Amino acid sequence: MYFLDKQQREQVGFNFILDKLEVITPFGVDLKKNLRPYKAQEKQNLLEELNNIDLILQNYNTHKSLYKNIERLFNKVKDIKNSIKRIININTLDDVELFEVKTFSLICEEICVLFSELQRVTLIKGIKFTSLKEVIDILDPDKKRISTFYIYESYSKKLEEIRAHKRKLEEQILLCPSAEKAMNLKGERLRWVVMEEEEELLIRRELTKKLNSHALTLEKNILSIAKLDLLMAKAKLAINFNAVKPIITDEAKIHIKEAFNPEVSFILEARGKAFTPITLKINSGVSVITGANMGGKSVTMKTVVLNLLLAHMGFFLFCEEATLPILDFIYFISDDLQSVSQGLSTFGAEIIDLKNFIEYSKNKTGFIALDEFARGTNPKEGTFLVKALCNYLNTQKNISLISTHYDNVVDETMVHYQVKGLKNVNFEELKNKINLNRAHSIEIIQEHMDYRLEQVSSNDKVPKDALNICILLGLHQDIIDIAQGFYSKEE
């Protein structure tokens with residue numbers, strides 16, 4: 001499966017989401033690091049994950065104290081995976097490792113109780129905790145049930161006798177009036193200390209052997225903690241961003257209503273601006289987004305790609321509604337900075353990526369996003385190449401979305417969206433605003449730019465946003481006049 005490389009995931013804002021995903025336990029952290037998309041044959045697992053998140057959301061506020069108590073226990077969990085490996089291999093654990101296994105088992109018992117209570121109101125599937133009482137009994141023979149560990153004398157009659165004799169020698173040393181005799185007693189004590197350590201080693205070896213039969217149960221509980229930790233983190237993320245559960249369909253269609261990109265939204269809010277939500281419906285074949293530069297097409301592409309990726313990772317989506325299929329891949333071609341740094345031009349990097357994608361996508365059904373493809377070549381050839389690519393992709397079973405500022409690449413068989421841009425702006429009023437504040441002309445244009453998409457037909461006239469932006473920014477009038485003459489001839 002191909003679902004974006006590391007650089008592309010960062011580019012669309014996936015890393016921002018991961019940073020906001022607040023897992024607590026070391027096991028949850030590992031699961032978060034190793035997130036992978038669900039495959040088509042894992043549809044039921046994906047639906048289960050999404051339903052589990054939904055179940056938590058339905059009762060999180062009414063049972064917040066219960067979730068907080070589980071989180072409190074999560075904060076106490078230490079990483080004992082290495083100790084479990086040693087138990088499996090019957091490598092004798094030391095006192096610290098035995099202490100950590102005991103502490104983990106005691107915490108698990110508390111989590112078991114809380115999770116049972118949680119299950120009465122949520123019925124979460126795919127997570128099960130098994131009692132570790134037998135493990136605790138092995139490591140707590142005196143049944144004190146406190147989070148400490150010691151090689152207890154109750155483990156061995158011989159150990160009890162050795163320690164009793166050692167204590168007797170220590171008392172004699174303290175009361176001994178002769179330094180020479182005290183030295184002899186210390187030598188004698190050292191011999192018993194060695195005997196004590198040898199017996200303790202035998203006991204730790206035996207304890208490790210006993211724990212070996214419980215290693216699988218320990219591992220299963222570790223996985224359950226990781227799953228519950230991640231699940232609760234996903235639910236809290238959904239609450240914080242008002243995310244919604246996607247509808248998973250078997251049809252090759254993607255419908256997203258009022259979608260946003262949290263990272264871009266965060267950046268805009270810091271500047272006192274708001275993100276313009278994106279709504280679109282696309283099916284198999286090709287859909288094209290047109291509009292001038294500065295029109296927000298790249299943000300639209302990243303927002304769609306991010307939400308599709310998150311859906312396949314078992315997240316709720318950042319929109320009001322979403323319907324999508326499980327895809328074999330998500331392919332995104334944008335500015336490939338890595339290829340450029342390796343000596344390829346932007347256009348060359350795009351072609352290499354495209355060639356690799358065409359080979360990869362055979363006999364698969366996925367989503368292809370091409371952001372301003374062929375922008376690195378001359379406009380005439382770029383138009384021909386984009387048009388050729390649109391025609392080719394329109395014959396494929398994949399769902400393709402292409403953004404471009406080139407004209408005449410869409411025909412009546414394709415879905416066509418345009419960025420509204422400056423279409424409904426009072427041009428003279430905007431021009432006057434800019435004349436009064438030339439230093440902030442770009443910001444003023446951006447404030448009046450309508451980044452929403454509207455579906456249009458292939459017969460709709462191409463908006464003149466690029467020309468209008470040139471006029472607003474004060475490009476020399478002679479150049480504007482010549483350009484308008486060219487526009488008139490085209491019409």
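All figures in this text were calculated on a predicted structure; none of them were measured in a lab.
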Q | Basic-acidic side-chain contact under 4.0 Å: E42, R36 | A | yes
Q. Between K245 and N51, is any side-chain donor less than 3.5 angstrom from a side-chain acceptor?
A. yes
Q: Establish, from distance only, whether the side-chain atoms of E258 and T279 form a donor-acceptor pair under 3.5 Å.
A: yes
Q: May I have all residue pairs that pass salt bridge (Lys or Arg N to Asp or Glu O under 4.0 Å) and include part of residues 219-238, sequence neighbours excluded?
A: E49-K234, E71-K236
(Q) Tell me which pairs pass salt bridge (Lys or Arg N to Asp or Glu O under 4.0 Å) where either residue lies in residues 270-284, with sequence neighbours left out. (A) none
Q. What do the steps show when you test V409 against T383 for side chain to side chain contact (heavy atoms under 4.5 Å, CB included), and what is the final call?
A. CA-CA 7 Å; V409 299; T383 299; 4.0 Å; yes
Q: Scan for ring-ring contact (aromatic ring centres under 6.0 Å, His included) pairs involving residues 11-34, sequence neighbours excluded, and state none if there are none.
A: F16-F266
Q: Would you please classify the geometry between the Y360 ring and the F329 ring as parallel, tilted or perpendicular, with 30° and 60° separating the classes?
A: perpendicular
Q: Could you pull out all residues at least two apart from D19 that satisfy salt bridge (Lys or Arg N to Asp or Glu O under 4.0 Å)?
A: none
Q) How would you list, by chain and number, every residue that makes a salt bridge (Lys or Arg N to Asp or Glu O under 4.0 Å) with K144, sequence neighbours excluded? A) none
**Q.** Non-hydrogen side-chain atoms of T303 and C319 separated by less than 4.5 Å
**A.** no
(Q) Does N59 form a side-chain hydrogen bond (donor to acceptor under 3.5 Å, both in side chains) with Y67? I'd like the steps, not just the answer. (A) CA-CA 10 Å; N59 62 63; Y67 287 103; 2.7 Å; yes
Q. Is the side chain of S400 donor-acceptor paired with the backbone N or O of I368 at a distance under 3.5 Å, no angle test?
A. no
Output a table of donor-acceptor pairs, distance under 3.5 Å, between side-chain atoms of residues 126-134 and any protein atom two or more places apart or on a different chain; print 'none' if there are none.
residue: S131; atom: OG; partner: E109; partner atom: OE1; Å: 3.2
residue: S131; atom: OG; partner: E109; partner atom: OE2; Å: 3.2
residue: S131; atom: OG; partner: K133; partner atom: N; Å: 3.2
residue: K133; atom: NZ; partner: D137; partner atom: OD2; Å: 3.0

